[in-house]
Trainee: 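Pasting in a structure now, in C-alpha cells, and then I'll have a few things to ask.
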Amino acid sequence: MRCLLPVVTVALLGLCAPALAEPDYQTAIRADYQKDLGALWDWFHRNPELSMLETKTAARMAKELRATGAEVTEKVGGTGVVAVIRNGPGPVVMLRADMDGLPVKEASGLANASTAKQVGMDGVEYPVMHACGHDTHITAMVATVRQLQRLKSQWKGTVVVVIQPGEERVMGAKAMLKDGLYTRFPKPDYALAFHVNSQMPTGKVSASENIQYSSSDSINIHVHGVGAHGASPHQGKDPVYIGSQIVIALQGLISRERPPLSPGVITVGAFHAGSKHNIISDAAELQVTVRANDEVTRAQLVDGVKRVAVNMGRVNGLPDDKLPEVDVVEGTPTTINNAELARRLNGAIAAALGPDTVIPFQQMGMGAEDFAYFVQPDLKVPGYYFAVGGTPQAAFDAAKAGGPAVASHHSALFKIDPEATIVTGASAMTAAVLDLLKP
C-alpha cells in the first residue's frame, strides 16, 4: 500500500491506495517514444528557433498534427499553429504548448546539443538553444493528440491544440488572441498547459490551486549622458556612474519599500555603455526584469523603477530634456489556476497515474508565463497549468553529495530527461482531458 501525499486535492481519493497499473495510454506513449517521438524531440532540440521566428518548428508541428487527423491551421498570430479535434457535442478543452528557444549557446554536453544560430527580431545573430524545455512540451503535445485520437470512444467534445510562438518574449499568447484564437476557433471551456521543471524529480506533477507563476515586465532604461575625456569627468555627465546608481537604488524598492513577507524581484540583466577606457560615453542602456505575485505589487514596482531612474538623473543634475527614459517593452500578468479546476484535475491525474505522482505545489522562484493571457478573468476561461518533473532523483542525490548542481532553466548547462518528461507530461494531459470530456 502507498499512502497519499498531504495534498488536499489528492486526499479526496482516500487515505491510502494500492499501487496502480500504468494506464494503457501511458504504455502507448512510452512505446511511441521509443518508436519515433524520441527522434522527434531530438530534431526539435537540434533545431531551436527564436521567439516569433519559429517557422521550421511550426511547419514540423503542423505536419505531425495533420498526421493524426486533426484539422490544422497555420500562421495564427505569426507562426502559431492551431489544431482542432471534433468528437461530437460536449465541452471544449484547449491544450497549449510553447515552442520557442532562447539566445543561449548550449554547453549541456549532450550528444545532440544545439549548434544552431539565428538572426533575431533585432537583426542580431545569436546562438539558439532549447534552454527551457519547450522541445519537450511540443513533443508531448504530439503524443497527447495521438492518444486522444485513439481514445475517441472514451470522450466527447472538442479539443483545440495551440502551438504557441514567442512565450520567452511574452508576445505569442497576445498575438494569437489578437488573431482570433477565441473567435476563429471554438472558444474553450477550459485551458490547460504544462511546463517541465528541472528542479523537480521525474515522474512527478505539481499544480497550484492559486498562483502558479508570477507576473513579469521587461523594462528598458536609456540613460543620457554628456561625453567627455575620462581624465576630465567634470566636463561631462557620466551615464555609467548614473546608471550604476540606478542599479543600486532599484534594490531599495524591494528591501525598503516592500513588506518583508511580500515577494518581489527587480533584476538588471544587462548594462551596456561606452567603447573605450578613457572616454565618458554619452549614453547607457539598462535592461530590467520586474516580478510580482499580484497586480497591485506589479504596478507599484514598475512605477518605482520609473521614479528611481528619472530622479537619479535629477540627482546628477541632468536637465529635463536629458532625464533617463523608461520604457516597458514586454509584460505578462500572474498565472492563476482556477481553484476548482485544479482540485479536480490534480485528483484525476493522481487517480490515473498513481497518488504519488501529484506532489504539493511550492513556488520556489518568480518565473512567469504568458499562458496567463488565455485565462484572464474577463475571458471567463478557467485555467490549469501544471509542472512536470524533468530531472532524475539520482541527479539531485549526486548534487547533494557534492556533485554537479542541477542546472536551472535558461542556463547554457540546462538539460532534462526528455523521455520521462514527455511520457509523464503527455500522460497527465491525457488523463486531464479524459476527465473533463468524459461522456
Side-chain angles (χ1 to χ4, degrees), residues 21-44 57-76 80-99 134-164 176 181 184-194 205 345 348-349 351-353 374 384 386 388 418-419 421-439:
E22 182 173 276
D24 74 317
Y25 52 80
Q26 190 166 24
T27 303
I29 292 166
R30 290 185 193 281
D32 271 359
Y33 188 90
Q34 295 301 319
K35 178 184 176 184
D36 61 358
L37 289 178
L40 181 63
W41 169 79
D42 179 83
W43 188 88
F44 287 135
T57 306
R60 182 67 184 267
M61 280 301 295
K63 176 183 176 183
E64 295 292 337
L65 293 171
R66 281 197 183 96
T68 71
E71 305 168 18
V72 176
T73 303
E74 299 180 64
K75 300 181 180 179
V76 180
V81 178
V82 178
V84 179
I85 309 168
R86 305 178 195 273
N87 193 27
V92 178
V93 176
M94 186 185 95
L95 310 180
R96 174 272 209 168
D98 40 11
M99 61 174 166
H134 295 185
D135 47 354
T136 63
H137 303 172
I138 49 181
T139 307
M141 188 63 78
V142 174
T144 302
V145 172
R146 288 182 182 180
Q147 295 310 305
L148 293 176
Q149 292 282 35
R150 183 178 70 86
L151 300 171
K152 276 189 170 179
S153 64
Q154 299 183 30
W155 62 275
K156 292 294 180 184
T158 300
V159 175
V160 178
V161 175
V162 173
I163 308 304
Q164 184 206 302
M176 294 191 81
L181 179 62
R184 294 168 54 191
F185 308 95
K187 183 179 178 181
D189 296 297
Y190 310 99
L192 280 56
F194 84 82
V205 169
L345 295 184
I349 293 169
L353 305 185
F374 296 128
Y384 176 71
F386 61 99
V388 174
E419 180 173 1
T421 299
I422 291 162
V423 171
T424 302
S427 299
M429 192 71 85
T430 302
V433 174
L434 292 178
D435 182 79
L436 292 172
L437 298 182
K438 56 190 172 187

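All residue numbers in this chain count up from 1 along the given sequence. What you see is a predicted model, and the numbers here were worked out from it, not measured in a lab.
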Trainee: Can you name the residues that form a side-chain hydrogen bond (donor to acceptor under 3.5 Å, both in side chains) with Ser427, not counting sequence neighbours?
Mentor: none

Trainee: When you measure from the side chain of Thr68 to the backbone N and O of Leu65, does any donor-acceptor pair fall under 3.5 Å?
Mentor: yes

Trainee: Could you pull out the closest heavy-atom pair between Ala58 and Val81, with the gap in Å?
Mentor: O-CG2, 3.6 Å

Trainee: Could you grab the distance from atom OG1 of Thr57 to atom CG of Asp135, nearest 0.5 Å is fine?
Mentor: 9.5 Å

Trainee: Using every non-hydrogen atom in the two residues, find where Ala428 and Val205 come nearest and quote the distance to one decimal.
Mentor: CB-CG2, 4.2 Å

Trainee: I'd like to check Arg184 versus Val82 (side-chain heavy atoms, cut-off strictly below 4.5 Å). Are they in contact?
Mentor: no

Trainee: Evaluate the side-chain proximity of Val142 to Met61: yes if any heavy-atom separation is below 4.5 Å, no if none is.
Mentor: yes

Trainee: Nearest 0.5 Å, please: how far is CG in Leu95 from CD1 in Ile85?
Mentor: 8.0 Å

Trainee: When rounded to the nearest 0.5 angstrom, what distance separates CZ in Phe185 from CE in Met176?
Mentor: 7.0 Å

Trainee: Excluding sequence neighbours, so at least two apart, what forms side-chain contact (heavy atoms from CB on, under 4.5 Å) with Ala97?
Mentor: His137, Ile138, Met141, Ile163

Trainee: Roughly how far apart are Tyr190 OH and Leu345 CG, rounded to 0.5 Å?
Mentor: 8.5 Å

Trainee: Please report the closest heavy-atom contact between Pro23 and Ala352, naming both atoms and the distance.
Mentor: CD-O, 3.5 Å

Trainee: Compare every heavy atom of Leu37 with every heavy atom of Ala143, then report the nearest pair and how far apart it is.
Mentor: CB-CD1, 3.5 Å

Trainee: I'd like to check His134 versus Phe44 (side-chain heavy atoms, cut-off strictly below 4.5 Å). Are they in contact?
Mentor: no

Trainee: Under 4.5 Å between any side-chain heavy atoms of Thr430 and Leu434, yes or no?
Mentor: yes

Trainee: Any salt bridge linking Arg150 with Asp32? Criterion: basic side-chain nitrogen under 4.0 Å from a carboxylate oxygen.
Mentor: no

Trainee: Please evaluate residues Met429 and Gln147 with respect to the criterion side chain to side chain contact (heavy atoms under 4.5 Å, CB included), reporting the C-alpha separation (whole Å), side-chain torsions for both, the decisive distance (0.1 Å), and the verdict.
Mentor: CA-CA 10 Å; Met429 192 71 85; Gln147 295 310 305; over 6 Å; no

Trainee: How many angstroms lie between atom CG of Leu181 and atom OG1 of Thr73, to the nearest 0.5 angstrom?
Mentor: 10.5 Å

Trainee: CE of Met94 to CG of Leu192: how many Å apart, nearest 0.5 Å?
Mentor: 8.5 Å

Trainee: Counting C-beta onward and ignoring hydrogens, is there a side-chain heavy-atom pair between Asp189 and Leu436 closer than 4.5 Å?
Mentor: no

Trainee: If we ignore angles and hydrogens, is there a donor and acceptor under 3.5 Å between the side chains of Glu419 and Gln34?
Mentor: yes

Trainee: Please table the atom pairs, donor to acceptor, closer than 3.5 Å between any side-chain atom in residues 151-159 and protein atoms at least two apart or in another chain.
Mentor:
residue : atom : partner : partner atom : Å
Lys152  : NZ   : Gln149  : OE1          : 3.2
Trp155  : NE1  : Leu148  : O            : 2.9

